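Scroll down for the structure; my scribbles are underneath it.
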Amino acid sequence: MNKSLKALRGEVIIPGDKSVSHRSVMLSALGDTPVHITNFLPSADCLSTVGVMRALGAKVDIISDTELIVKGNGLHGLQEPTTILDAGNSGTTLRLMMGMLAPQKFVSVFTGDSSLHKRPMGRVIKPLSQMGAHIVGRANNTKLPITIVPVEGKLKGYKYNMPVASAQVKSAMLLAGLFAEGETTVVEPYPSRNHTELMLETFGVKLKYEGSSITITAPEKMVAPKELVVPGDISSAAFWLVAASIIPDSELLLKNVGINETRTGIIDVLKDMGANLTIQNQRKSGGELVADILVKYARLHGTSFGADIIPRLVDEIPIIAVAAMFADGDTIITGAGELRVKETDRLEAICNQFAKLGGTIEGKEDGLIIHGSSTPKMAECFSYDDHRMAMCLAVLGIAGAGVEIQNPDCVDISYPDFYEELDRLTK
Ligand code: S3P
């Protein structure tokens with residue numbers, strides 16, 4: 001790819017949110033009436049969730065690429081799977097489903113791809129075990145393959161002070177709490193994405209909020225809505241927000257972007273760096289706030305941010321690092337140790353690969369120091385089979401001197417049409 005420095009102009013319709021798409025299928029499978037899901041993200045990760053929910057007895061009809069009808073068998077209607085449940089590359093599928101399946105009266109066995117086998121699952125297994133769940137996994141109950149064995153009676157409600165801010169851990173506990181005896185409470189160190197909470201409420205489940213704690217009590221049933229509309233994914237919009245901000249003369253209108261405030265850290269950081277972003281046409285769609293975002297090229301400058309904002313932009317740090325390479329001055333990111341346990345060690349991947357394209361980046365145990373005003377170079381880079389790394393490298397390539405990406409197809413995990421959009425905008 002060597003399409004350097006052509007201004008990006010026009011509109012991009014942002015595809016459905018990955019986190020919300022997963023949850024829409026999972027929760028619909030606990031209702032007993034059909035749910036029509038629109039703007040679903042038909043990416044490999046979300047299709048892993050569809051496969052798992054089907055194996056548990058839910059009926060999932062794929063009407064079109066972005067439209068599903070899901071019908072479950074009620075809150076207590078999940079069925080014992082006859083096969084191993086394959087979460088693929090998806091941490092969200094695996095961690096949330098461990099929460100949903102730990103209280104069930106049947107055996108479930110999970111696998112996934114080689115990346116998921118390396119990722120830490122003890123963070124979910126440990127608190128679920130405190131509720132009485134029987135879960136066994138490789139590496140001292142921390143890694144795939146994982147087996148959930150049925151418990152006598154019910155799981156017991158539990159108050160969990162989460163050591164790391166993780167929406168996946170929080171969601172696993174809340175989903176287990178749907179079936180537990182008494183109250184299940186999670187206390188977050190910093191607020192993480194709240195799509196599980198919002199969608200549980202859409203299904204009629206009452207939650208109690210007190211400061212940084214969220215409490216769930218098992219409901220009698222889930223009341224499935226007829227329709228669920230998935231907002232556009234700000235984590236996908238992020239690539240265009242940065243690309244248009246750093247390529248001179250660019251002006252893009254990003255349509256239908258979810259702007260739930262637990263996800264908008266990237267907007268705050270880019271604005272802080274001097275980006276020219278305008279939020280337009282703000283509206284509610286399917287219980288979530290969405291808007292169109294107009295982004296115009298602007299000269300950016302460095303910034304610093306840390307632990308308190310990380311959960312609101314955890315998946316956007318690699319693309320923020322791209323913006324920082326083109327900014328004046330240094331950008332300092334701290335409190336981002338979680339990036340070491342994503343689809344790959346993203347702090348290491350950023351340092352190694354961005355350097356080949358001209359970046360000067362110092363890796364720290366839990367963050368990065370990115371020196372701005374880089375001089376771009378053309379290079380061959382590894383995606384590490386990590387979708388967000390591949391998309392960042394592509395943006396670096398078009399904003400800089402070009403790039404050859406190895407294993408580029410991993411973008412299918414979250415943004416199957418990414419390269420088509422990039423081609424269209426750079427033609
Ligand atoms: C997600 C939560 C985040 C995020 C992931 C999706 C979710 O992970 O990185 O891409 O849908 O709940 P953590 O909970 O591990 O931070």
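Just so we're clear, the structure is a prediction, and the values are computed from it rather than from any experiment. Sequence positions, counted from 1, serve as the residue numbers for this chain. Numbering of ligands and ligand atoms starts at 1, following listing order.
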**Study point:** Pick from D315, D17, V314, L339: the one approaching atom 10 (O) of ligand 1 most closely through a non-hydrogen atom
**Key:** D315

Check your understanding: Tell me, which protein residue and heavy-atom name are nearest atom 14 (O) of ligand 1, and how many Å apart are they?
Key -> S166 OG, 2.7 Å

Review point. Are E348 and C351 side-chain neighbours, meaning at least one heavy-atom pair lies under 4.5 Å?
Key: no

Practice item. Before accepting this row, confirm whether a basic side-chain N of the pair D233/K18 lies closer than 4.0 Å to the acidic partner's carboxylate O. Key: no

Review point. Within 45° of the six-membered ring axis of F382 and under 6.0 Å from that ring's centre, is NZ or CZ of K356 located there?
Key: yes

Check your understanding: Would you say ligand 1 has an N or O under 3.5 Å from any N or O of S19?
Key -> yes

Exercise for review: Decide whether an N or O pair under 3.5 Å exists between A167 and ligand 1.
Suggested key: yes

Study note, to complete from the structure: Judged by heavy atoms only, the candidate from H195, R23, H387, R123 nearest atom 12 (O) of ligand 1 is R23

Check your understanding: For L347, which of K364, R340, E365 qualifies under side chain to side chain contact (heavy atoms under 4.5 Å, CB included)?
Key -> R340

Check your understanding: Among protein heavy atoms, which lies nearest atom 1 (C) of ligand 1, and at what distance?
Key -> Q168 NE2, 3.5 Å

Check your understanding: In terms of side-chain geometry, is the basic nitrogen of R388 or E343 positioned less than 4.0 Å from the acidic oxygen of its partner?
Key -> no

Revision key, fill the gap. Going by the 4.0 angstrom heavy-atom rule, the piece of K170 near ligand 1 is neither

Review point. Going by the order shown, which atoms of ligand 1 are within less than 4.0 Å of some heavy atom of T92?
Key: 1 (C), 6 (C), 7 (C), 11 (O)

Study note, to complete from the structure: The option among K342, E338, R95 carrying the non-hydrogen atom nearest to atom 13 (P) of ligand 1 is K342

Check your understanding: Taking the six-membered ring for Trp, are the ring centroids of F179 and H76 within less than 6.0 Å of each other?
Key -> yes

Review point. If you take all heavy atoms of A180 and G157, which pair is closest and at what distance?
Key: CB-N, 4.1 Å

